[in-house]
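One structure is given here, and the rest of the page talks about it.
Keep in mind it's a predicted model, so treat the numbers as computed, not measured. Just so it is clear: chains get the letters A, B, ... in the order the sequence lines come, proteins before strands, and each one is counted from 1.
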2 protein chains.
Amino acid sequence: MAPSVGIKDVARAAGVSVGTVSNVINRPETVATETRARVQSVIDRLGYVRSESARQLRAGRSRIMGLLVLDMGNPFFVDVARGAERAARAAGLGVMVCNSAQSPGEEAEYLSLFAEQRVRGVLLTPADATGRNIAAFRRHGIPFVLVDRVAEGTTECSVSVDDVAGGALAVRHLVDAGHRSLAYVSGPPGLNQVRDRRTGALDALAEAGLGPDALRELPTERLDVAAGRDAGARLLGLPDADRPTAVFCANDLLALGVLQAMYAAGVNVPDDLAIVGYDDIEFAAAAAVPLTSVRQPAVTMGALAAELLLEETGAQGAPTAHEHRRVVLQPELVVRGSSLPAR
Amino acid sequence: MAPSVGIKDVARAAGVSVGTVSNVINRPETVATETRARVQSVIDRLGYVRSESARQLRAGRSRIMGLLVLDMGNPFFVDVARGAERAARAAGLGVMVCNSAQSPGEEAEYLSLFAEQRVRGVLLTPADATGRNIAAFRRHGIPFVLVDRVAEGTTECSVSVDDVAGGALAVRHLVDAGHRSLAYVSGPPGLNQVRDRRTGALDALAEAGLGPDALRELPTERLDVAAGRDAGARLLGLPDADRPTAVFCANDLLALGVLQAMYAAGVNVPDDLAIVGYDDIEFAAAAAVPLTSVRQPAVTMGALAAELLLEETGAQGAPTAHEHRRVVLQPELVVRGSSLPAR
DNA sequence: TTCCGGTCCTGAATCGATTCATATCCGCAG
DNA sequence: CTGCGGATATGAATCGATTCAGGACCGGAA
């Protein structure tokens, strides 16, 4: 347990004032070469590390950015984090990644943790549909950017992907392949993404002259693999005549679950059932029947969100003029084996 | 931009001293009921949030624990993080998760970030085989616990899984199923885990009277799905007579890659090639040919490591007597479709 | 009345780095 | 010789919360 060495210890050992040591660290050009070298060598010898808390206390704000995601078990969010981290570090900031696990309670806790840390800003994928947490957080005056969700009004920035377009892409592809009876494994109703993707799906059906009856909706409790298996079982339980020939899943985890259920039951994918997922996580391509999926530019989203935040808080210190923006990215369909038209 | 309200503002507005406000927050029982209520209501009204940096500065250490992992894209580490976070939060600490991406350079950067933050302690899966980063970090006197790696000597705690036993489990299973010609997709040579698992594999072969020749080693650059696909392609390139009937992969990502390559080439798993992975990540069970895998108790490891750290730093403040420990957990074989004995 | 033991509250010192007004020194121009 | 600008270095004030020695007040006992 090294008795932590502070700037004063360095100053004393180098025979200079604390101000000079500080200058060596932060504005080396203002210090005479010789002095600088001497101080630097003392710093190295003593193993001095400056205290972020003291620094922050003086500066009034920290050099970390908070990132609060819905589910760290979902590779999609891992990619978002990767993108955000890259952008933040380019600006010399660290990222503190937290997982609300879709629970408004956890979300609230982490937001106040961020507030206590006087975090520079927050990237947030909201878990609380009521927006109460967000409203409470706004009071702190800490800027934030919504990720994977469109901001209402112009109160803050957001980066999202056009979910309606994504849903349409998926279903148009299936309809083009000849499918007329589809299912939508949707996840928890009430999530915006889930709703928008359905809207897009229905649009695509309408284009083809099909009504909403062509899309059987299968909601699930959660957005994970187990829920997908469950939905697969429900599909298998349908009488043959009634069973859809294609499924669109609100996310790849669900799709993988459905795929697994089909495999276990000996149903051929894609011949007996075509499957399209959403997100295009790495494991989608790696599944033994590679999954057709709607790709979201997750890394880009994270990076873009971080950059918007940096723009707002002023990367270098002085906040620049900033107008809140809502960036909407376009998804892209990646066709793989799970939906290739039956020969 | 709310002009940040401090404890002094609260004190003034409530007509008490700063000391009293601090007491209301930290030792409510020492404040008269009426005063406490008044102060509390002012706190709520002004939206006061205490500044962690000031708090830390005074306390000398922060309430955060650092966690530095090798690859956030690997669900195994996501589980470790989950476990660590649970344990840390039970003790009122936050966790700052960082990703060294197996780069010693990044590792060094994050370690000094942790040092600057005066983090309470660090959980570390080392990326730098030379141990230079660790040696440098030790100077700061910040306690740390090695995760997924055995500490040498008794300089610190570690939590790991018996990789030799794990390798033996996997290969014994394959030998029992009648396989006599195996391959080991090993990842980057030089990683301890990779070596230990091979040792175990050879042990199991020896038990069955087979020599090292029965295990063809296929090293790869990285430990991810793409590397696995690559190794799969190399396997497929072998002349039929020479081709192993079973593969053991150093991790599930590799195994999924191999599986995918086999699927693409029309090779039947497990009849033509049995596959066993390592880690038992969620996607292993979700693969269309569910993957036999050696399960590591990832969540437990994370939680245990965090608890060891808390014990060492003294959860409540006063560091308790602490003896460094090396905990070694046992892996467990989970048999699934990818290795079920051919009929 | 005086003194005592509580209860409740005050206010100054403290943590470590940054910042800035001020001091010192040197060389050179006037 | 004086004065001035530039280059360096100093050290006190500051950030916000915590802590603790001590003060104010009250009721009851002697």
Side-chain angles (χ1 to χ4, degrees), chain A residues 2-40 42-43 46-63 112 115-119 140-141 316-318, chain B residues 2-40 42-43 46-63 112 115-119 140-141 316-318:
Chain A
S4 170
V5 353
I7 200 172
K8 276 192 291 224
D9 304 296
V10 174
R12 198 174 318 124
V16 297
S17 73
V18 294
T20 301
V21 177
S22 177
N23 282 336
V24 169
I25 297 171
N26 302 299
R27 312 207 288 295
E29 72 282 1
T30 69
V31 179
T33 319
E34 195 204 350
T35 316
R36 194 195 318 158
R38 182 158 39 97
V39 171
Q40 190 60 56
V42 171
I43 287 179
L46 299 187
Y48 165 72
V49 179
R50 71 173 179 278
S51 150
E52 255 303 298
S53 24
R55 214 164 131 74
Q56 284 178 202
L57 175 56
R58 189 78 234 277
R61 62 181 185 177
S62 84
R63 300 158 46 73
S112 42
E116 289 188 3
Q117 304 272 356
R118 298 287 192 274
V119 144
H140 303 311
Q316 300 313 328
Chain B
S4 169
V5 351
I7 201 173
K8 277 192 290 227
D9 305 296
V10 175
R12 198 174 318 122
V16 298
S17 73
V18 293
T20 301
V21 177
S22 178
N23 284 335
V24 167
I25 297 171
N26 302 298
R27 311 209 288 296
E29 72 282 1
T30 69
V31 179
T33 319
E34 196 204 351
T35 315
R36 194 195 318 157
R38 181 157 40 97
V39 171
Q40 190 60 55
V42 172
I43 287 179
L46 298 186
Y48 165 73
V49 179
R50 70 167 176 273
S51 151
E52 256 303 297
S53 24
R55 213 165 131 73
Q56 283 178 204
L57 175 55
R58 192 76 233 281
R61 63 182 186 177
S62 82
R63 301 157 45 74
S112 45
E116 288 187 3
Q117 303 272 354
R118 299 286 192 274
V119 145
H140 303 311
Q316 301 312 326

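With rounding to the nearest 0.5 angstrom, the CG atom of B:L57 is 6.0 Å from the CG atom of A:L57. Note: A:S53 OG to B:R61 CZ = 12.5 Å, rounded to the nearest 0.5 Å.
By the 4.5 Å heavy-atom criterion applied to side chains, B:Q56 and B:R58 are not counted as neighbours. Inter-residue side-chain proximity for A:I25 and A:I43 is flagged as met; some heavy-atom pair is nearer than 4.5 Å. Residues A:R55 and B:E116 have side chains not in contact (no heavy-atom distance under 4.5 Å, counting atoms from C-beta outward). Between B:R118 and A:S4, some side-chain heavy-atom pair lies under the 4.5 Å cut-off.
Nucleotide D:dA9 holds its C1' atom 14 Å from the CZ atom of A:R36, rounded to whole Å. Across the protein-nucleic acid pair, B:E34 atom CD and C:dC9 atom C1' stand 13 Å apart, rounded to whole Å.
Looking at residues two or more places apart in sequence or on another chain, you find a side-chain contact (heavy atoms from CB on, under 4.5 Å) between B:V18 and B:I7, B:K8, B:A11.
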With sugar-phosphate taken as primed atoms, P, OP1 and OP2 and all else as base, the protein-contact string of nucleotides 10-22 of chain C at under 4.0 Å (heavy atoms; B, S, -) is BB--BBBBBB---
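In the helix from C:dT1-D:dA30 to C:dG30-D:dC1, the end axes, each obtained as the rotation axis mapping the C1' atoms of four pairs onto the next four within a five-pair block, lie 80° apart to the nearest 10 degrees.
Between B:Q40 and the choices B:T35, B:V24, B:V31, the side chain to side chain contact (heavy atoms under 4.5 Å, CB included) rule is met once, by B:V24.
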